[in-house]
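So the structure is just underneath, and the comments pick up after that.
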Amino acid sequence: IDYLDYSDVEGKTIVNLRNNTVVVVNDTFFKVFGSDGFIASELFENFIFKGQFSDLKASDASQVVSTFNLDGKTTIIGDNAYIKDISFNVNGDDVRIDNIILNITDASSNAFNFLNVKGGTLVNSVIYFNSTKAGSEGNDYVPIFASNSNIILNNNTIIVYSDNSALVL
C-alpha cells in the first residue's frame, strides 16, 4: 500500500494521485467525504478506515451521515474499523469492503445495498444488524441487499437481531 506524503508533491505542477491510499479516521472523515456520504474527490479510490466511525456530522449539515455512498471503483480496508449506524449504498463496479465491523443498532435501511454492481466484494467483516424496531413498523430490512449484482461475500460473520429471517436478498 502506498501512502501519500505531502513532501512528494509539494511544488510540483503535475501530480498523479492514482493508486494511493488515504487513511481516514472519524475526525478527518469530512476531508475525504461530503456530508452526503459521497467521496469528495475522484482522485482517491483506496481508503483505510481506522478506528470508530459514528455520529458523523459536518459543520454545515443538519443531520449525521447515515450512509456511505460508493458510486465508483473504491476499496475500503478496515484497520480496527468500527462503524456504527452508517449503512453502505454501493452503486459502482469493483467496490471492495474488507475487514470492518458494522453495527446497525436500529435498522432504518439495509446495511449494504449493492445495486446493479459488477465485481462488488464484501469480505472478512462482521455485521451486527438489529431490525426488530423496523420490523414492528412494517419495514423489512436485511443485512445485505443485492439487486442485479454480481458480488462476492466471503468470510463474513453476520449477527441478526430480527423477526425477519432473510440475510441476503
Side-chain angles (χ1 to χ4, degrees), residues 23-40 47-72 74-169:
V23 177
V24 182
V25 298
N26 198 72
D27 291 342
T28 63
F29 178 83
F30 291 109
K31 294 186 183 302
V32 181
F33 286 82
S35 60
D36 57 2
F38 283 93
I39 298 170
F47 303 94
I48 294 177
F49 277 30
K50 188 170 184 156
Q52 182 168 330
F53 294 82
S54 64
D55 299 320
L56 296 168
K57 184 176 177 182
S59 59
D60 61 345
S62 60
Q63 296 181 356
V64 297
V65 172
S66 61
T67 306
F68 294 122
N69 295 294
L70 307 174
D71 59 358
T74 306
T75 298
I76 295 174
I77 299 174
D79 180 359
N80 292 314
Y82 175 83
I83 301 167
K84 183 178 177 189
D85 292 327
I86 305 172
S87 61
F88 286 81
N89 280 335
V90 179
N91 299 309
D93 295 339
D94 300 317
V95 171
R96 179 182 179 88
I97 301 167
D98 189 346
N99 195 36
I100 64 164
I101 298 172
L102 177 63
N103 186 4
I104 303 295
T105 61
D106 187 11
S108 58
S109 68
N110 301 316
F112 290 91
N113 286 307
F114 291 91
L115 305 173
N116 301 312
V117 171
K118 294 178 185 171
T121 304
L122 174 62
V123 294
N124 304 318
S125 296
V126 178
I127 304 165
Y128 296 95
F129 188 78
N130 184 346
S131 68
T132 53
K133 180 179 176 187
S136 68
E137 295 173 355
N139 300 317
D140 289 325
Y141 299 113
V142 294
I144 301 169
F145 177 81
S147 176
N148 295 320
S149 295
N150 179 9
I151 61 172
I152 296 170
L153 305 173
N154 190 23
N155 199 34
N156 297 298
T157 301
I158 303 171
I159 301 165
V160 178
Y161 304 95
S162 174
D163 297 330
N164 180 355
S165 61
L167 291 179
V168 179
L169 290 180

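Side-chain atoms are counted along with the backbone in the values below, which use heavy atoms only and exclude waters and symmetry mates.
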*Give the C-alpha distance, both sets of side-chain angles, the deciding distance and a yes or no for side chain to side chain donor-acceptor pair (under 3.5 Å) between Asn124 and Asp98.*
CA-CA 6 Å; Asn124 304 318; Asp98 189 346; 3.1 Å; yes
*Leu102 side, atom CG; Leu122 side, atom CG - distance, nearest 0.5 Å*: 9.0 Å
*Which is it for Phe30 and Val65 under the side chain to side chain contact (heavy atoms under 4.5 Å, CB included) test, yes or no, and what are the steps along the way?*
CA-CA 10 Å; Phe30 291 109; Val65 172; 3.8 Å; yes
*At what distance, to the nearest 0.5 angstrom, does CD1 of Ile97 lie from CD1 of Ile76?*
5.5 Å
*Does some side-chain heavy atom of Val126 sit less than 4.5 Å from a side-chain heavy atom of Tyr128?*
yes
*Any side-chain donor-acceptor pair under 3.5 Å between Asn89 and Asn113?*
yes
*Can you name the closest pair of heavy atoms from Val117 and Val90 and give their distance?*
CG2-O, 3.3 Å
*Before giving the answer on side chain to side chain contact (heavy atoms under 4.5 Å, CB included), spell out for Phe112 and Ile151 the whole-Å C-alpha distance, their side-chain angles and the decisive distance to 0.1 Å.*
CA-CA 12 Å; Phe112 290 91; Ile151 61 172; over 6 Å; no
*Sub-3.5 Å donor-acceptor pair from the side chain of Asp85 to the main-chain atoms of Thr105, do we have one?*
yes
*Would you call Lys118 and Asp93 a salt bridge, taking side-chain N to carboxylate O under 4.0 Å as the test?*
no
*Over all atoms of both residues, closest heavy-atom pair of Gln63 and Lys57*: O-CG, 3.8 Å
*So do Val123 and Asn155 actually touch side chain to side chain, heavy atoms under 4.5 Å?*
no
*Looking only at heavy atoms, what is the nearest atom pair of Ala111 and Pro143, with distance?*
CB-O, 3.1 Å
*Heavy-atom closest pair, residues Val32 and Phe47*: CG1-CE2, 3.1 Å
*Under 3.5 Å: donor-acceptor pair, side chain of Asn69, backbone of Asp36*: yes
*Rounded distance [0.5 Å steps], OG in Ser87 versus CZ in Phe68*: 9.0 Å
*Please determine which of Thr28, Asp79, Val24, Asn80 meets the side chain to side chain contact (heavy atoms under 4.5 Å, CB included) test together with Lys50.*
Asp79
*asked:* Looking at Asp55, I want to see if its CG is surrounded by more than 12 non-hydrogen atoms of other residues, nucleotides or ligands under 6.0 Å.
replied: no
*Would you check if Arg96 and Thr75 make a side-chain contact, meaning some heavy-atom pair closer than 4.5 Å?*
yes
*Take Ile39 and Leu70 through the test side chain to side chain contact (heavy atoms under 4.5 Å, CB included) and record every step on the way to the result.*
CA-CA 7 Å; Ile39 298 170; Leu70 307 174; 4.2 Å; yes
*Below 4.5 Å, heavy atoms only, C-beta onward: do Leu56 and Asn26 meet side chain to side chain?*
yes
_What's the separation between atom CD1 in Ile152 and atom OG1 in Thr121, rounded to the nearest 0.5 Å?_
4.5 Å
*For the residue pair Ser54 and Lys84, what are the closest heavy atoms and their distance?*
CB-CB, 3.8 Å
*Mark yes or no for whether Ser149, through its side chain, and Phe114, through its backbone, hold a donor-acceptor pair below 3.5 Å.*
yes
*asked:* Taking Ser125's backbone N and O only, do any of them form a donor-acceptor pair with Asn156's side chain (distance below 3.5 Å, no angle check)?
replied: yes
*How many angstroms lie between CZ in Phe33 and CZ in Phe38, if you round to the nearest 0.5 Å?*
11.0 Å
*Once you round to the nearest 0.5 Å, how far does CD1 of Ile86 lie from CG of Asn103?*
11.0 Å
